[in-house]
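Heads up, the thing below is written out as structure tokens.
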Amino acid sequence: MSTLVFLEHHGNELQKGSLGVLAKAASLGDGDVGAVIAGEGARSLAGEAGKFGAAKVWACEDAEVAQPLPQPRVDLLAQVVEEGGYDTVLFANSVLAADVAAGLAARLGAGLNWDLVDVELRDGEFVGKRPALQDSVYADVGWSSTPRLALFRAGSFDATPSGGGDPETADVSPTYKEHSTAVQLVAQDAAESGGGPSIEDADVIVAGGRGLGEPDNFTLAEELAKALGGAVGATRAVVDAGWYPYSAQIGQTGKTVSPKLYVALGISGAIQHKVGMQSSGTIVAINKDPNAPIFEFSDLGVVGDVHAIVPKLTELVRARKG
Ligand SMILES: Cc1cc2nc3c(=O)[nH]c(=O)nc-3n(C[C@H](O)[C@H](O)[C@H](O)COP(=O)(O)OP(=O)(O)OC[C@H]3O[C@@H](n4cnc5c(N)ncnc54)[C@H](O)[C@@H]3O)c2cc1C
């Protein structure tokens, strides 16, 4: 078996989610694990990929992959899969990775298992774990052909370095299909962030709902997230109301996350929100209604007013850290 991992990077830093998938692939210990890095600075990131278990890094710095567009990356991965003889390709979920994985599945006629939270080798066969029925059960899933493709839910694996750091590096420049380079990115804006981690990468998420009362009160969530070193999430109700950007929405029609700690502020816990965050490690909810559904799946429930509790909590966290 030989596994290839698609590594995403932003601002010359490899994404924690894809490093987690790489570390997991390496921990399976079955054959050499390869990694693909595309875009400006790809080659310089090879050593970092080696620390997380990549034995070989395929680096592509072509102008065609300079922008974060999927189709040129499909060409790249299709060529690397063929040249390297890889039978498994793994992705950490992101908007870009999901597009690339879907495109690669179509290109190679390969099976793609989506939204996995784990994978293991059982009697020499890859077996994926996929939450089903609104995350109430886990289903074992497999592949009936190779290459096997898998996309993992954000936060599925810790990005734990395994030593090394000096992988073989190969420059690769695929033949791009005409349609792959037909799309041009005309503009790109960075979302304003307080400098903390992205929702996909965060170990801690502080999410706000309608119980915050008004858009300006999202500073309560932001301050607590900052104190905890986390990211801010939101429910659809507040996103629809224009209180917070769509990119922060968690749930059925937003992002699925599984941070180590999820703090829900003024969130009722509707099923559509629950499916996006219930696999979080520890769930803490603050809600003034003791009968709010969120308390049914919280590890710690605080019945009270967010406006009274959150500033004090933030102060306590700051004091403890400082
Ligand atoms: C097809 C479909 C898809 C959907 N997808 C999503 C999705 O992806 N994500 C999502 O989140 N929702 C989604 N929804 C919407 C979902 O059903 C809920 O409407 C939404 O999650 C509710 O958001 P909320 O908890 O912020 O608001 P509410 O349900 O209004 O809850 C507000 C909570 O705040 C509490 N509260 C009020 N004031 C205070 C205070 N001062 N202090 C403490 N607590 C207070 C209240 O007791 C209440 O429990 C979807 C719905 C549909 C139909």
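As the structure lists them, so they are numbered: ligands from 1, and atoms in each ligand from 1.
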Using salt bridge (charged side-chain N to carboxylate O under 4.0 Å, His left out) as the criterion, list what pairs up with Glu222, not counting sequence neighbours.
none

May I ask you to check whether Ala270 has an N/O atom sitting below 3.5 Å from an N/O atom of ligand 1?
no

If only side-chain N and O atoms count, and only distance matters, is there a donor-acceptor pair under 3.5 Å linking Asp62 with Ser173?
yes

Is a side-chain donor-acceptor pair under 3.5 Å present for Asp118 with Tyr138?
no

Closest to atom 33 (C) of ligand 1 among protein heavy atoms sits Gly266 O, 3.4 Å

Out of all atoms in ligand 1, which are within 4.0 Å of some heavy atom of Gly304? Include the element for each.
42 (N), 43 (C)

Do Thr3 and Phe126 have side-chain heavy atoms sitting under 4.5 Å apart?
yes

Nearest non-hydrogen protein atom to atom 3 (C) of ligand 1, with distance, is Arg236 NH1, 3.1 Å

Closest to atom 36 (N) of ligand 1 among Gly211, Ala308, Ala285 (heavy-atom distance):
Gly211

Nearest protein heavy atom with distance in Å, relative to atom 22 (C) of ligand 1:
Ala237 CB, 3.9 Å

When you measure from the side chain of Asp75 to the backbone of Lys177, do you find a donor-acceptor pair of N or O atoms at a distance under 3.5 Å?
yes

Any donor-acceptor pair under 3.5 Å linking the side-chain atoms of Ser258 with those of Arg153?
no

Selected option - heavy-atom contact closest to atom 9 (N) of ligand 1, from Thr235, Ile250, Leu220
Ile250

Where ligand 1 meets His307 - atom numbers and elements under 4.0 angstrom, heavy-atom basis:
41 (N)

Which pairs, with at least one residue in residues 90-106 and sequence neighbours excluded, count as a side-chain hydrogen bond (donor to acceptor under 3.5 Å, both in side chains)?
Glu8-Ser94

Going by the atom numbers of ligand 1, which of them fall below 4.0 Å from some non-hydrogen atom of Gly251?
7 (C), 8 (O), 9 (N)

Okay, side chain of Asn113, backbone of Gly142: is any donor-acceptor separation there less than 3.5 Å?
yes

Check the pair Leu4, Trp58 against side chain to side chain contact (heavy atoms under 4.5 Å, CB included), reporting the backbone distance first and the verdict last.
CA-CA 10 Å; Leu4 184 67; Trp58 302 77; 4.1 Å; yes

Is the shortest distance from a Lys or Arg side-chain nitrogen in Arg122 or Glu125 to a carboxylate oxygen in the other one below 4.0 Å?
no

Less than 4.5 Å apart, side chain to side chain, heavy atoms only: is that true for Pro131 and Val117?
yes

Check if Gly213 has a non-hydrogen atom at a distance under 4.0 Å from any atom of ligand 1.
no

Which of the listed options, Lys288, Gln272, Met277, holds the heavy atom that is closest to atom 16 (C) of ligand 1?
Gln272

Considering Arg210, His273, Gln249 one by one, which has a heavy atom nearer to atom 7 (C) of ligand 1 than any of the others?
Gln249

Ignoring hydrogens, just give me the one of Thr253, Val238, Ile294, Val306 whose non-hydrogen atom is nearest atom 6 (C) of ligand 1.
Thr253

Output the list of atoms in ligand 1 that are nearer than 4.0 Å to some heavy atom of Gln252, sorted by atom number.
7 (C), 8 (O)

Judged by heavy atoms only, the candidate from Gly209, Ser268, Gly254 nearest atom 29 (O) of ligand 1 is Ser268

Looking at Asp305, Asn287, Asp240, the heavy atom closest to atom 46 (C) of ligand 1 belongs to Asn287

Given the protein's heavy atoms, is any one of them under 4.0 Å from atom 19 (O) of ligand 1?
no

